Amino acid sequence: MGQVFVRRSTAALLFLVAALSIVCVALLVLLLAPDWRDTGGQMTSSMSGGSQVVQAGGTPGRVVASPPPRQALKPQPVPKMTQRPTTTTSTTTATTTEALKEPWEREYRIPRSTLPHHYDLYLHPDLDTGRFSGRVGILIGVTQPMDYLVAHIKSMNMTKTELQDTSSGKVLPLKDYFEYGPNQFWVVQPRSTLAPGNYTLKLEFEGSLDGSIVGFYRSVYTTKAGEKRSIATSKFQPTDARSAFPCFDEPSFKSTFTTTLVRPSDGYIALSNMPVQNEVAESPEAGLTSVVFEKSVPMVTYLACFIVCDFEFVETMTNDNKPFRVYATPDQMSRTNYSLHLGVHVLNYFQDYFEVEYPLPKQDMIAIPDFISGAMEHWGLITYREVNLLYDDLGSSSYNKQRVAAVVAHELAHMWFGNLVTLDWWDDLWLNEGFASYIEYKGVANYEKDWDMEGQFLVDDLQLVMGLDAQLTSHPIVQPVNHPDEITEIFDTISYSKGASVLRMLESFMGSEQFRVGVRNFLRKYKYANAVTQDLWSELETVSEDGLKISTIMDSWTRQMGYPVLTVTTSSADPNKLEVKQTRFLSDPEAESPDDSPYGYVWDIPVTYITDVTQRDQRWFYRDMDKLTLTKPAGASWVKINVGQYGYYRVNYEASIWQDLVNLLQTNPQALSVTDRASLLDDGFNLAGAGLLPYDTALSLVAYMKQETHYIPWTTVASHLAKMGRLLRQTNAYPYFRKYMVGLVNDHVERLGWNDTGSHLERRNRLVLMFLACSNGYDPCLQGAHQRLLSWVKDPEYYIPPNTRSLVYQFGMQKAGAEEWEVLLQRYMKEANAQEKTKLAVGLANTKEDWITQRLLMLARNESVVRSQDYFSLLNNMAKQPWNTHIVWNFVKSNWEELVERFTLNNRYLGRMVKYVCTRFTSPDQLMEMKEFFEKYPNAGSGARSRQQALEEVEGNIKWINQHGDSLYDWFLKQNNIL
């Protein structure tokens, strides 16, 4: 235990409290003596098995513990005050309790009456010791009298605190300063009330670069020569800037920064958001250089970035002659060219699209060996996982290429949407992430014009999030949050993919040009400032040529969770009229849905439709309408609603209309666009799973897939059929399902073969089809994978095209043994290419030997074997395999406390891993295991919602099997007899 320091003022106060307590107890003894005599002279004492202490409120029966010491996150040399108690008696109201608290205890957020105007920041990371030290001067504007100031700190030692009146330069005497851990505050109390004006809070501090890969931390990589090299880097979003320097770590506070970083003089460079202004050699001592950067534009703390590294760069120039660079380790420079040329093209495109100049004098992108997220939009210095920035034709697959393109475009979109204009608080996170997730598709499409990014949006974002949003445990796009765990948790599919999906729908019904102009006006109006969702709607409403009430329409999509299903029937009065009604779609319609929406779970819906004799038309189905009536033209043989699946809703037709669409797909599928074919398949399977459509109908839609050659419909079908196979695995239907699947894809697999040829989408589609074939036991596919794996094991120079490597490693390993697995492990550990390591990890996770799986779980604990950033991906890959799921689950249960200690409950990937493993369960016993585990460890941190979603999904799995298992057995048995 560390020493406890008590100030003299505190000691005097404690002495006074103790003296008064003795007097009070003596008086109470005298007052209560008659009562003791009335009860026969008996007293309750510790000897009689109880403990009764009279509290200040006069209510006996509760023990008041001594006030606990104020907890610091790490030992620090400055004195610590004891934490003020917040105990209450049984008669004390919550209001009284709150009134007794200090203001920094009552309010989680920093007072709006203190505004950080500027940070003068100095940071010295020591790459040898793994420690850092620093100092900061925060220029604070006080707008009303204040008795205290607070700044955020986390996991650091404070070594000096000083407050200066900026106008006079006078150092003000302080009554107290201390850390209030629950709110991650450093509290400073001056002796006199601060009048409105400007003050400089000067703080010195130190912390560790090790033990985490958020905040300010050390990343280590190995060169081709086998030398380990260290760098210092940072990742702050959402609430980790406070672990690098004391700051006002909330998005509503924008400040300018003047930053100085200390680097080793030999072989290292320093990078930050702005260009270097000057460098001072031999400072602060011999062998070190202090690098001073230009003063920044106003920005929030989570966008600040500090890097000291030995990387190299490639460079080009933007259209307005600003340097655009990509940095990487020296050994990986050959893999930077694609992101360099794509990146500068996309930045130029966004500058033209937004009609707002890129605001900084330079743009850097850098690949970090250890990085917890996919990437982070630090202004002027975007940081990436290596796998999301580096690419080459020989080692990277088509998926890798598209992933690099998408992540680069996403982060560059943030330079305007998120950085130039920033959300006011985290409940509007979607303004950052939803917008970037949508606009990234425009950026990629402008560079890679034959990738059909419009269609790919369906399978990568819209259809994915609609599955999640059909559950009761979803949440609205705009979601109140406060605690860091809640903030971290909201970085989820709803904020990203649903946000992007409703923006895509909005652009569709507004028109692309009106949408673009409204966004441009929004960026111009709120640049260098903060905004809320309503601000965006107002700007879009202003430019709407149709006079649409954008706010009214879009609030129904952003402020309540879920979405509608439209039920379409032929009017009994007129066969050329279609009646459309809306209800909330739930994956389990029988689930008890609380009436917790301000809009009653109805929406303003842009209904689009097309027929074989008419072009796309649109009608509005407002939420105050009972139904919408559409006219089906005379002679039309089919009608398709929700053209291109731009609308964020599902469509269920009466049986005759479904049959028309089934016939159309079988006879003339090209009459429908790729996106319309995919949306029919997606709706069909989801409606059938919810019991709103017979599975016979949904599976009849699939029959045409023997003709389908496009990646997008196949990806839609593959996701649904793979889930169906997982749920049917323990039922009698499973062997017949597998035979059906092989019959569905074998002709395509034979046609495509193992040769890595064709367009970008053809190459990606080959993987989808071969995965379906191999995973369902198609022997030629499995043999092909195994033979190629053995050849590569014997000869590491044996070339497997990058597009088929994952298949070879995954399915080849399922037929291989311990010797081949060991070779795979050794090559994984030596591999420097992050994309190749990801592929090799898939192979390692696919062994069918349970003892090897157990060994991998033990090895993965060692960060020299599996980087911390890759740990959960590996566990998820292992849990995907049904023969490994229970092994991984038992490992998680047995090692939960260790996992929490290593990653903390604030790590959303830890919480989501639990969900990822558990949602593969299909039995009541497994559901009970989950509940017991959650009861044993009730504190889920940022994984709280993931747990709720996991329970709901497993309950749904069990119900689905009970409802559909027998009928699907009959259907697949019949299909195999036909085949």
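Computed from a predicted model, the values in this text were never measured in an experiment.
Asn862 and Ser864 share a donor-acceptor pair across their side chains, judged by distance under 3.5 Å alone. Between the side chains of Asn400 and Ser397, a donor-acceptor pair is found at a separation under 3.5 Å. In this structure, a donor-acceptor pair under 3.5 Å is absent between the side chains of Tyr711 and Asp452. A side-chain donor-acceptor contact under 3.5 Å links Asn803 and Ser398. Inspection of the Arg403 and Gln835 side chains reveals no N or O donor paired with an N or O acceptor under 3.5 Å. No side-chain donor from either of Gln730 and Thr922 sits under 3.5 Å from a side-chain acceptor of the other. Judged purely by distance below 3.5 Å, without hydrogens or angles, the side chains of Thr473 and Glu952 pair a donor atom with an acceptor atom. No side-chain N or O of Gln869 forms a donor-acceptor pair with one of Asp370 less than 3.5 Å apart. Using modelled atom types, one finds a donor on one side chain and an acceptor on the other under 3.5 Å when comparing Glu929 with Trp889.
In this structure the side chain of Asn907 reaches within 4.5 angstrom of the side chain of Phe872, judged on heavy atoms. Side-chain contact between Leu772 and His748: absent, with no pair of heavy atoms (C-beta onward) separated by less than 4.5 Å. Inter-residue side-chain proximity for Pro369 and Arg867 is flagged as met; some heavy-atom pair is nearer than 4.5 Å. No side-chain heavy atom of Tyr798 sits less than 4.5 Å from a side-chain heavy atom of Leu790. At a threshold of 4.5 Å between non-hydrogen side-chain atoms, the residues Gln810 and Ser775 do not count as touching. The side-chain heavy atoms of Phe771 and Leu807, taken from C-beta on, include a pair separated by under 4.5 Å. At a threshold of 4.5 Å between non-hydrogen side-chain atoms, the residues Tyr447 and Leu342 count as touching. Val407 is not listed as a side-chain neighbour of Leu389, based on a closest heavy-atom distance of 4.5 Å or more.
Formation of a donor-acceptor pair under 3.5 Å by the Glu708 side chain with backbone atoms of Pro713 is not found in this model. Of the possible polar contacts, one joining the Asn957 side chain to the Thr919 backbone as a donor-acceptor pair under 3.5 Å is found. When atom types are taken as modelled, the side chain of Asn890 and the backbone of Lys893 share no donor-acceptor pair closer than 3.5 angstrom. Remark: side-chain polar atoms of Ser894 are not paired, donor with acceptor, to backbone N or O of Phe891 under 3.5 angstrom. When atom types are taken as modelled, the side chain of Trp883 and the backbone of Thr847 share a donor-acceptor pair closer than 3.5 angstrom.
If you take CD on Glu762 and NE2 on His710, they are separated by 9.0 Å, rounding to the nearest 0.5 Å. Atom OG1 of residue Thr838 and atom CZ of residue Arg385 lie 8.0 Å apart, to the nearest 0.5 angstrom. In this structure, CZ in Arg766 is found 8.5 Å from OG1 in Thr804, a value given to the nearest 0.5 Å. One distance of note links CG of Asp392 with OG of Ser334; it measures 6.0 Å at 0.5 Å rounding. Rounded to the nearest 0.5 Å, atoms CG (Leu769) and CD (Glu750) are 11.5 Å apart. Put simply, OG1 on Thr885 and CZ on Arg726 are 9.0 Å apart, with the number rounded to the nearest 0.5 Å.
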Query raised in the report: Between Trp821 and Leu856, is a side chain to side chain contact (heavy atoms under 4.5 Å, CB included) present by the stated rule, with each step listed?
Result: CA-CA 10 Å; Trp821 188 90; Leu856 182 57; 3.9 Å; yes
Requested in this report: Kindly determine whether Ser437 and Phe457 satisfy side chain to side chain contact (heavy atoms under 4.5 Å, CB included), including the steps that lead there.
Outcome: CA-CA 10 Å; Ser437 296; Phe457 183 90; over 6 Å; no
Requested in this report: List the steps, then state whether side chain to side chain contact (heavy atoms under 4.5 Å, CB included) holds for Leu721 with Asn776.
Outcome: CA-CA 11 Å; Leu721 291 177; Asn776 285 286; over 6 Å; no
Requested in this report: Show your working on side chain to side chain contact (heavy atoms under 4.5 Å, CB included) between Trp754 and Ile800 and close with a plain yes or no.
Outcome: CA-CA 10 Å; Trp754 284 91; Ile800 304 171; over 6 Å; no
Report task. Using the salt bridge (Lys or Arg N to Asp or Glu O under 4.0 Å) rule, take Lys224 and Asp331 through it: C-alpha gap first, then chi angles, then the decisive distance, then the call. Result -> CA-CA 7 Å; Lys224 286 183 178 179; Asp331 292 340; 5.3 Å; no
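Between Phe685 and His720, the two ring planes are parallel [angle under 30°; tilted spans 30° to 60°]. Taking the six-membered ring where tryptophan is involved, the planes of His760 and Trp451 are essentially parallel, since the angle between them stays under 30° and well short of 60°. A parallel orientation is assigned to the rings of Tyr734 and Phe737, their planes being inclined by less than 30° (bins at 30° and 60°).
In terms of heavy-atom proximity, Ile712 sits nearest to Ala678 at CG2-CB, 3.9 Å. In plain terms, the two heavy atoms of Ser474 and Gln949 that are nearest each other are CA-NE2, 4.4 Å. For the residue pair Arg908 and Ser373, the shortest heavy atom distance occurs at NH2-OG, 4.0 Å. Of all heavy-atom pairs between Ser501 and Val465, the closest is OG-CG1, 4.2 Å. Nearest approach of Gly455 to Thr675, heavy atoms of both residues: CA-CG2, 3.7 Å. When all heavy atoms are compared, the tightest approach of Ser339 to Val326 is OG-CG1, 3.9 Å.
For the pair Arg902 and Tyr871, the cation sits on the ring face: its NZ or CZ lies under 6.0 Å from the ring centre, inside 45° of the axis.
Within a 6.0 Å radius of CE in Met858, other residues, nucleotides and ligands contribute more than 12 heavy atoms. Atom CD of Gln826 sits in a crowded spot, with more than 12 heavy atoms from other residues, nucleotides or ligands closer than 6.0 Å. The environment of Phe903 atom CZ is dense: over 12 non-hydrogen atoms of other residues, nucleotides or ligands sit within 6.0 angstrom. At most 12 non-hydrogen atoms from other residues, nucleotides or ligands lie less than 6.0 angstrom from NZ of Lys830. In the displayed structure, Tyr399 atom OH is contacted under 6.0 Å by at most 12 heavy atoms of other residues, nucleotides or ligands. Within a 6.0 Å sphere centred on NZ of Lys723, other residues, nucleotides and ligands contribute 12 heavy atoms or fewer.
The existence of a salt bridge linking Lys815 and Glu820 is excluded, since no basic side-chain nitrogen approaches an acidic carboxylate oxygen closer than 4.0 Å. Look at Glu836 and Arg805 and you find a salt bridge, because one of the NZ, NE, NH1 or NH2 atoms lies within 4.0 Å of a carboxylate O, short of that distance.
Under the side chain to side chain contact (heavy atoms under 4.5 Å, CB included) test applied with Leu875, the options Val917, Asn884, Leu857 reduce to a single match, Leu857. Here the options are Tyr736, Tyr695, Tyr740, the test is ring-ring contact (aromatic ring centres under 6.0 Å, His included), and the partner is Phe972; only Tyr740 passes.
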